[in-house]
Amino acid sequence: MFEARNLGLRYTVGERAFAALEGVDLSLPRGGFTTIVGRSGCGKTTLLRLLAGLAEPSDGELHFEGGGRPRIGYVFQEPRLMPWLSVAGNVGLGLVGRLDKGALMRRVTEALQLVGLSGFAEAMPDQLSGGMAQRVALARALVLEPDLLLLDEPFGALDAFTRRSLQMELVEIWRARGTTIVFVTHDVEEAVLLGQAVAELSEGRLVGLHRVDLPYPRDATDPALLAHRRTVLERLLETGPNSHLKETVP
Amino acid sequence: MPAFSGFLVFGVLGLAWFATSATGFVSPFLLPGPFTVAQAGWQLIQDGSLAKHAAISLQRVGLGYGLSVILALPLALLFGLLPRLRSFCEPALEFLRQIPPLALLPLLILWLGIGEVQKVGVIVLSCFFPIFLGALGGIAQADPKLIEVGRICGLSRGEILTRIVLPASLPALVVGLRIALGYSWRALVGAELIASSAGLGYLIIDAQNMARTDIVLVGVLVIGVLGLIADALARCALRRSAPWLRSQLELGRV
């Protein structure tokens with residue numbers, strides 16, 4: 001179990017203070033798939049960066065079961081591949097010097113198989129499509145065998161078909177490996193399609209936690225899923241800055 | 001096609017040169033024709049003096065350029081790692097950078113004598129700053145998003161520097177290295193014009209004293225050709241060792 005208690009991050013511009021995140025309490029069950037949904041700029045990425053240790057909270061604390069920091073894998077919005085490294089070099093970035101060459105290659109090959117890029121170990125990043133590059137980024141995170149896998153709108157820039165296929169692959173990987181996943185998105189449909197729990201974030205505050213108790217694999221056109229989508233969307237519209245839009249929910 | 005059009009420019013300039021001298025528009029003493037210059041060049045090749053002067057100049061350039069790389073890269077790395085040291089030393093370095101190396105030549109002659117050390121010293125002074133500033137700029141501009149990836153992958157500070165920051169700084173460093181290569185030839189000729197008995201600069205100044213404009217032009221053309229070859233070799237080495245920069249090379253960004 002990973003827990004965020006009263007988590008907050010404030011920053012100042014000139015003499016004015018802003019809260020990017022305020023009083024967030026969130027429990028992430030071990031092996032669970034939690035999605036965080038909200039408008040652009042509501043603090044989703046900030047929350048993920050705090051969980052990853054890429055930023056220090058101004059308030060509150062993070063509690064990780066068993067004491068020390070868990071191993072963390074992070075998939076950013078963009079692939080962020082090193083252009084001078086091959087696909088295998090990028091995937092093995094965090095393992096070089098920590099494993100012998102044979103073990104490293106085994107782990108890299110396994111991770112590439114997992115994301116469907118077995119034949120591309122020697123390819124360079126500029127030879128990959130957007131979807132393939134994001135798969136490499138996912139393999140780079142998975143190869144670390146993380147306790148906590150954080151994904152920040154990883155499929156946002158992809159076309160609908162690639163996006164759908166990567167969503168399905170991610171769910172398969174999660175079910176096979178049982179890694180705890182936190183997935184950030186601004187797309188409510190994606191949030192309910194993927195997550196067991198959907199954390200709703202609005203203006204830096206956690207405004208709700210919605211359970212999606214549907215079996216996997218899920219169908220985006222399933223009426224039960226659409227009902228969950230509607231509930232989450234309504235809550236976000238009620239609590240967000242544009243709450244007058246409530247009546248436009250389909 | 002771009003390579004061909006590049007050679008075409010040389011052809012057009014050669015024709016214009018030929019036409020200017022053949023029509024007598026400019027005195028042959030001021031601008032000897034291409035055939036006269038070619039003849040002078042052939043003579044210098046036959047008696048071996050061109051190869052001797054070119055070899056000496058190449059040796060000086062190689063030494064000066066190599067020393068500049070050895071000095072500038074570690075210093076840029078140190079400054080990249082220690083921003084306080086950088087801000088402490090920056091005013092002094094900026095002051096030095098403004099001084100043309102040839103203005104220091106009289107002092108260098110006094111301090112280092114008129115031998116090889118003084119000539120190599122001028123080349124080092126000319127090449128150091130482009131390489132140093134290129135490397136420093138590259139290190140400072142390394143994409144923080146890639147550094148974040150290194151942090152998430154658990155790389156240490158040293159590993160982030162060697163495995164992410166340095167490769168990311170390569171395009172800016174290459175620009176500095178190429179500029180410095182050009183500067184090395186300028187500085188060399190400057191150094192060889194004064195107090196020298198060999199080298200292409202000496203060949204030029206000696207020919208000027210003997211009123212042999214054709215040999216002056218041979219020296220100038222040889223320096224240009226050697227500079228072009230050095231740059232082409234550098235680009236070729238870069239294409240082989242850093243294939244991910246190939247597209248930037250084609251676009252002329254590095």
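Chain identifiers are assigned alphabetically (A, B, ...) following the order of the sequence lines, protein sequences preceding nucleic acid strands; residue numbering begins at 1 within each chain. These numbers come from the heavy atoms of this one structure, side chains and all, not from hydrogens, waters or symmetry mates.
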With chain A as the partner chain, list the residues of residues 139-162 of chain B whose heavy atoms fall under 4.5 Å from it, by residue number, and write 'none' if nothing qualifies.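 Under the 4.5 Å heavy-atom cut-off, B:Lys145, B:Leu146, B:Glu148, B:Val149, B:Arg151, B:Ile152, B:Cys153, B:Gly154, B:Leu155, B:Ser156, B:Glu159 qualify.
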Do other residues, nucleotides or ligands put more than 12 heavy atoms under 6.0 Å from [X] [atom1]?
X	atom1	answer
A:Phe120	CZ	no
B:Phe10	CZ	no
A:Gln127	CD	yes
B:Gln98	CD	yes
A:Tyr11	OH	yes

What part of [X] gets closer than 4.5 Å to chain B, counting heavy atoms only: side chain, backbone, both or neither?
X	result
A:Arg69	neither
A:Val96	both
A:Leu144	side chain
A:Arg71	neither

At under 4.5 Å between heavy atoms, what parts of residues 73-91 of chain A are in contact with chain B? List them by residue number.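 Within residues 73-91 of chain A, the residues that come under 4.5 Å of chain B (heavy atoms only) are A:Tyr74, A:Phe76, A:Glu78, A:Arg80, A:Leu81, A:Met82, A:Pro83, A:Trp84.
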